[in-house]
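Data first, discussion second: the structure below is written as structure tokens.
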Amino acid sequence: MSGKSLLLKVILLGDGGVGKSSLMNRYVTNKFDSQAFHTIGVEFLNRDLEVDGRFVTLQIWDTAGQERFKSLRTPFYRGADCCLLTFSVDDRQSFENLGNWQKEFVYYADVKDPDHFPFVVLGNKIDKLDRQVTTEEAQAWCMENGNYPYLETSAKDDTNVAVAFEEAVRQVLAVEEQLEHCMLGHAVDLHSSSKSGSSCC
Ligand SMILES: Nc1nc2c(ncn2[C@@H]2O[C@H](COP(=O)(O)OP(=O)(O)OP(=O)(O)O)[C@@H](O)[C@H]2O)c(=O)[nH]1
Ligand SMILES: [Mg+2]
């Protein structure tokens, strides 16, 4: 892989047991453990990938979703480029907690511009038959809370797992391109005599 790889930090958040560790392990090691233990604190794994011609090293941070580990996970939110808000489609409470996870992230990561931060929402365990959250409800939540991309995954069956992490990279690159575009706009403005130029950021 090229030495010009971009390092991106993505963080997986969501209730205990929704499958964050399973998604990370499926993506990085292509393994699934049906008896996985709860995470304590945080763990991270790297994977190199290419998205739309850009070489990226994805540093995936997997956090402990159980409430008792809050103080162990929150110090690691800073510097994240993307946040994957994860719930399990067979666990309604985990879906209803998405807003709390979003708020916890924004607060502890000290996100300056939450409206433009790249969040991606994952509904995991779609292999399960006893669904408690419909695709439409999840899509509606994403639309109302920041127009976030929504993907349904199964770490068990390896459904959409790579697609989800690639979408995270796309979201980060899109924000980056927007910023570059704005900076270019300002640079042009500096040399422009027009005072009515519009700005995008
Ligand atoms: N059927 C099914 N089970 C899954 C899937 N993903 C994870 N699991 C199972 O759900 C349980 C919890 O998965 P974990 O990956 O440990 O969940 P977690 O979100 O990391 O939980 P914490 O570390 O406590 O925050 C384990 O028994 C997994 O095997 C999935 O896509 N389908
Ligand atoms: Mg875990």
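Atoms within a ligand are numbered from 1 in the order they appear, just like the ligands themselves. Just so it is clear, the model here is predicted, and its values are computed rather than measured.
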Practice task
Evaluate side chain to side chain contact (heavy atoms under 4.5 Å, CB included) for R78 paired with F76, printing each intermediate quantity in order.
Solution key: CA-CA 6 Å; R78 275 175 185 270; F76 295 91; over 6 Å; no
Practice task
Any pair with a residue in residues 8-40 that passes ring-ring contact (aromatic ring centres under 6.0 Å, His included), sequence neighbours left out, goes on the list, sorted by first then second residue, please.
Solution key: Y27-F165
Exercise for the section: Please list all pairs passing the side chain to side chain donor-acceptor pair (under 3.5 Å) test where one or both residues lie in residues 157-169, with sequence neighbours left out. Expected result: E167-Q171
Practice task
Give a yes or no on whether the ring-centroid distance for Y107 and Y77 is below 6.0 angstrom.
Solution key: no
Practice task
May I ask you to decide if T57's main-chain N or O and S5's side chain share a donor-acceptor pair within less than 3.5 Å?
Solution key: yes
Practice task
Could you tell me whether the side chain of E137 and the main chain of T134 form a donor-acceptor pair under 3.5 Å?
Solution key: yes
Practice task
Sort out the contact shell of ligand 1: every protein residue with a heavy-atom distance below 4.0 Å, listed by chain and number.
Solution key: D15, G16, G17, V18, G19, K20, S21, S22, F32, D33, S34, A36, F37, H38, T39, T63, A64, G65, N124, K125, D127, K128, S154, A155, K156
Practice task
Answer with yes or no whether the side chains of S94 and D15 bring together a donor and an acceptor at under 3.5 Å.
Solution key: no
Problem - Within one Ile-Leu-Val-Met-Phe-Trp-Tyr cluster: M24 and V18, side-chain cutoff 4.5 Å - result: no
Exercise for the section: Answer yes if F44 and Y108 sit in the same cluster of Ile, Leu, Val, Met, Phe, Trp and Tyr residues linked by side chain heavy atoms under 4.5 Å apart, and no otherwise. Expected result: yes
Practice task
Taking 2.8 Å as the upper limit, name the protein N, O or S atoms near the Mg ion (ligand 2).
Solution key: S21 OG, T39 OG1
